[in-house]
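Note that these values count all heavy atoms, side chains included, but never hydrogens, waters or copies made by symmetry.
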Amino acid sequence: MRVPLRGIQHVGVPVRSLERSLAFYREMFGLEPRFTARAEGEETSRLLGVPNAVLAYAFIDLGNTVLELLEYEQPRGKDYDRRNCDVGATHVCFEVADVEAACERLREAGVEFSSPPVHIDEGPLSGCATAYFKDPDGIQLEIFQET
């Protein structure tokens, strides 16, 4: 039997410093968290599958979904070291109206991109444009312009 899905409620991204990541999203995109909170205890540890978990987290509303940033205060996780091709190395893609303008504004603010924006000329995404960059923790992010 299949489970009917209604959409994506949120995307969770562990970060090294919630404060630093919230500043990045505020400064780069003008986003403010809906709320920030803390979680710990036996039930939290069991839910997450992380013994003795203590974390701070924030929900940021983004169109029809939520970006959840999580800082594990205990245990401290390893720094992000994935490449795009590594299993489990997901990325978050943000839709923008104009990739070129978005890249220019982000570059002016110090964001480094993997390459200049790519304008797709053929295939199912023909007419779209995209660019990849990293957040302060080195986590891969993408901006995407629909046709």
Heavy atoms of other groups near Gln74 CD, more than 12 under 6.0 Å
yes
Which heavy atom of Val99 sits nearest a heavy atom of Ala129, and at what distance?
CG2-O, 3.4 Å
Among all residues two or more places apart in sequence or in another chain, which pass the side chain to side chain contact (heavy atoms under 4.5 Å, CB included) test with Glu40?
Arg38, Val54
Following the transitive rule for hydrophobic clusters with a side-chain heavy-atom cut-off under 4.5 Å over Ile, Leu, Val, Met, Phe, Trp and Tyr, establish whether Val96 and Tyr132 coincide in one cluster.
no
Is the ring pair Phe29/Phe94 parallel, tilted or perpendicular, if the boundaries are 30 and 60 degrees?
tilted
Where do Val50 and Ser45 land on the side chain to side chain contact (heavy atoms under 4.5 Å, CB included) test, with the steps shown first?
CA-CA 5 Å; Val50 177; Ser45 294; 5.9 Å; no
Testing the basics here: between Ser21 and Leu69, what is the closest heavy-atom pair and its distance to 0.1 Å?
CB-CD1, 3.9 Å
Under the salt bridge (Lys or Arg N to Asp or Glu O under 4.0 Å) rule, what pairs show up with a residue in residues 60-72, not counting sequence neighbours?
Arg34-Asp61, Glu71-Arg76
Decide yes or no for Val92 and Asp135: does some side-chain heavy atom of the first lie under 4.5 Å from some side-chain heavy atom of the second?
no
For the residue pair Ala131 and Cys103, what are the closest heavy atoms and their distance?
CB-SG, 3.6 Å
As a quick check of understanding, evaluate salt bridge (Lys or Arg N to Asp or Glu O under 4.0 Å) for Glu43 and Arg46, giving each step before the final call.
CA-CA 5 Å; Glu43 186 174 38; Arg46 191 171 42 254; 5.2 Å; no
Does Gln9 CD have over 12 foreign heavy atoms under 6.0 Å away?
yes
Where is the tightest heavy-atom contact between Tyr80 and Thr90, given as atom of each residue plus distance?
OH-O, 4.1 Å
Looking only at heavy atoms, what is the nearest atom pair of Gly77 and Arg16, with distance?
O-NH2, 2.7 Å
Are Leu18 and Leu70 connected in a single hydrophobic cluster, I mean Ile/Leu/Val/Met/Phe/Trp/Tyr linked by side-chain heavy atoms less than 4.5 Å apart?
no
For Asp81, is the CG atom crowded, meaning more than 12 foreign heavy atoms sit under 6.0 Å from it?
yes
For Arg20 and Pro136, the nearest pair of non-hydrogen atoms, with its separation, is NE-CB, 3.6 Å
Once rounded to the nearest 0.5 Å, what's the spacing between atom OG1 of Thr36 and atom CG of Leu22?
7.5 Å
Contacts of His10 meeting ring-ring contact (aromatic ring centres under 6.0 Å, His included) (sequence neighbours excluded), chain-then-number -> Phe59
Hydrophobic cluster membership, with links at side-chain heavy-atom distances under 4.5 Å among I/L/V/M/F/W/Y: are Leu141 and Phe144 in one?
no
Would you say that more than 12 heavy atoms from the other residues, nucleotides or ligands in this model lie under 6.0 Å from the CZ of Arg105, or not?
no
Give, for atom CG of Leu125 and atom OG1 of Thr130, the distance between the pair rounded to the nearest 0.5 Å.
9.0 Å
If hydrophobic clusters are built by linking Ile, Leu, Val, Met, Phe, Trp and Tyr wherever their side-chain heavy atoms come under 4.5 Å apart, do Val66 and Tyr25 end up in the same one?
no
Is the CD atom of Glu42 crowded by more than 12 outside heavy atoms at less than 6.0 Å?
no
